Amino acid sequence: MGNAGIGLAYGWWQDKHTRHHANPNHEERDPDVAPDILVWSQRQARASRGLPRLIGRAQAFLFFPLLMLEGLNLHVAGVRALRNRAVKHRVLEGALLFVHFAGYLGVLFAVLPADKAFAFFAVHQALFGLYMGCIFAPNHKGMPTLTGDERPDYLRRQVLTSRNVRGGALTDVALGGLNYQIEHHLFPSMPTPNLRRAQVIVRDYCAEIGVPYHETGLISSYREALRHLHQVGVPLRAGESSVAQGDSSADRAAAR
């Protein structure tokens with residue numbers, strides 16, 4: 001389903017997702033918060049160079065537009081991972097990915113004129129990336145990050161770094177059950193329909209032992225994530241302001 005159905009390499013995703021679950025929001029151990037195009041902490045912002053440093057100044061405003069490239073990024077990352085000999089069943093996965101891309105592009109260009117086929121491809125992949133990003137963004141973005149030897153016990157490591165999204169049946173369907181992110185992290189093999197039932201137990205237990213359990217609405221979850229991304233960019237914007245102030249001082253000195 002992953003390889004042939006949506007062009008997402010299962011072996012690559014499984015490895016990446018397993019490492020994320022083991023150390024959620026750990027800046028050195030969680031691949032989902034490794035600095036790439038975006039930076040996830042002010043420490044990463046200060047150390048950034050090149051494009052991440054440029055984008056980091058306004059990354060909160062660019063976040064949703066950049067998500068429209070995430071679909072292509074997932075496809076490319078999965079194909080590139082096939083070069084890694086540690087990936088099991090590389091030949092099978094590669095063959096299934098080829099079937100997906102050949103079938104997808106073949107049908108697209110068979111039923112549409114070339115210009116409309118390219119337009120459909122661009123819009124489809126942009127919406128795919130945007131939707132995937134909107135599902136995953138509320139889960140951990142804007143929650144506490146860990147560094148170095150910081151490694152709380154299993155319960156706190158999963159609960160404190162995760163955010164649940166409130167909502168009814170429509171939210172459950174739209175987010176695929178990942179709106180119960182805390183329970184999903186505590187019990188990663190639990191069937192999705194049972195996460196809602198487990199939530200009552202987990203939430204009550206966290207209240208009993210004094211562990212913060214964060215839950216918010218969907219729009220508020222995006223607001224928290226964007227606020228965090230904007231705050232992360234402060235060192236980059238401050239550096240820009242310092243340079244501008246220095247240039248202004250030099251101009252005034254030259255004028256005198």
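One is the number of the first residue; the rest follow in order along the sequence. These figures come from a predicted structure and were not determined experimentally.
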(message) Apply side-chain contact (heavy atoms from CB on, under 4.5 Å) to residues I55 and L38 and explain how you reach the verdict.
(response) CA-CA 7 Å; I55 290 178; L38 301 178; 4.0 Å; yes
(message) Please check: side-chain N/O of H26 versus main-chain N/O of G148, any donor-acceptor pairing under 3.5 Å?
(response) yes
(request) Compute the ring centroids of H89 and Y10, then answer whether they are less than 6.0 Å apart. (result) no
(request) Taking atom types as modelled, find out whether Q158 and H21 have a side-chain donor-acceptor pair closer than 3.5 angstrom. (result) no
(request) Consider only side-chain N and O atoms of H140 and Q181, and report whether a donor and an acceptor are under 3.5 Å apart. (result) yes
(request) Kindly determine whether E224 and H214 satisfy side chain to side chain donor-acceptor pair (under 3.5 Å), including the steps that lead there. (result) CA-CA 12 Å; E224 290 177 8; H214 189 50; 2.9 Å; yes
(message) If hydrophobic clusters are built from ILVMFWY residues whose side chains come within less than 4.5 Å, do L175 and L67 share one?
(response) yes
(message) So which atom in V232 and which in A45 form the shortest heavy-atom distance, rounded to 0.1 Å?
(response) O-CB, 3.5 Å
(message) Ignoring hydrogens and geometry beyond distance, is a side-chain donor-acceptor pair present between H100 and H75 at under 3.5 Å?
(response) no
(request) State, without any angle test, whether E150 and T147 hold a side-chain donor-acceptor pair at a distance under 3.5 Å. (result) yes
(request) Kindly give the heavy-atom pair with the smallest separation between T145 and S41, and that separation in Å. (result) OG1-CB, 4.5 Å
(message) For the backbone of L130 and the side chain of E70, can you confirm whether one donor and one acceptor N or O come within less than 3.5 Å of each other?
(response) no
(request) Compare every heavy atom of N84 with every heavy atom of R90, then report the nearest pair and how far apart it is. (result) CD-O, 3.0 Å
(request) Take F118 and L108, measure what side-chain contact (heavy atoms from CB on, under 4.5 Å) needs, and give me the verdict at the end. (result) CA-CA 9 Å; F118 279 115; L108 198 59; over 6 Å; no
(message) Has E27 got a side-chain atom pairing as donor or acceptor with A34's backbone, closer than 3.5 angstrom?
(response) no
(request) With rounding to the nearest 0.5 Å, note down the distance linking CD1 in I37 to CG in L54. (result) 10.0 Å
(request) On the 0 to 90° scale, with breaks at 30° and 60°, tag the F121-Y104 ring pair as parallel, tilted or perpendicular. (result) tilted
(message) When you group the ILVMFWY residues by side-chain heavy-atom contacts below 4.5 Å and let the links chain together, are Y131 and I6 in the same group?
(response) yes
(request) Answer yes or no: is there a donor N or O on one side and an acceptor on the other, between the side chain of R237 and the main chain of H230, under 3.5 Å? (result) yes
(message) Using modelled atom types and a 3.5 Å cut-off, is there a donor and acceptor pairing between side-chain atoms of N3 and backbone atoms of E93?
(response) yes
(message) I'd like to know if the side chain of R19 reaches the main chain of P31, judged simply by a donor and an acceptor atom lying under 3.5 Å from each other, with no hydrogens or angles considered.
(response) no
(request) Any chance you could pull the hydrophobic cluster mates of L127, using side-chain heavy atoms under 4.5 angstrom and chaining through other members? (result) V123
(request) Look only at the side chain of H184 and the backbone of N179, and say whether a donor-acceptor pair between them is shorter than 3.5 Å. (result) no
(request) Establish, yes or no, whether a centroid distance under 6.0 Å links the rings of F63 and Y222. (result) no
(request) Check F101 against G7 and note the closest heavy-atom contact, atom names and distance. (result) CZ-O, 4.0 Å
(message) Given 3.5 Å as the limit, does a donor-acceptor pair link the side chain of R157 with the main chain of A22, or not?
(response) yes
(message) In terms of relative ring orientation, are H124 and F120 parallel, tilted or perpendicular, with 30° and 60° separating the classes?
(response) tilted
(message) Has S220 got a side-chain atom pairing as donor or acceptor with T216's backbone, closer than 3.5 angstrom?
(response) no
(message) Between R151 and N23, do the side chains contain a donor N or O and an acceptor N or O under 3.5 Å apart?
(response) yes
(request) Check whether any side-chain heavy atom of L229 lies under 4.5 Å from a side-chain heavy atom of W40, and answer yes or no. (result) yes
(request) Kindly give the cluster partners of V202, where membership spreads through any ILVMFWY side chain lying under 4.5 Å from a current member. (result) Y154, L155, V159, L160, Y180, I182, L186, F187, M190, L195, Y205, I209, V211, Y213
(message) Just by distance, no angles: are the side chains of N194 and E183 close enough, under 3.5 Å, to form a donor-acceptor pair?
(response) no
(request) Check for a donor-acceptor pair, side chain of N164 on one end and backbone N or O of E215 on the other, with a separation under 3.5 Å. (result) no
(request) Please name the pair of heavy atoms, one in T192 and one in G177, separated by the smallest distance, quoted to 0.1 Å. (result) CG2-CA, 3.7 Å
(request) Can you see which heavy atom on A137 is nearest to which on R163, and at what distance? (result) O-NH1, 4.2 Å
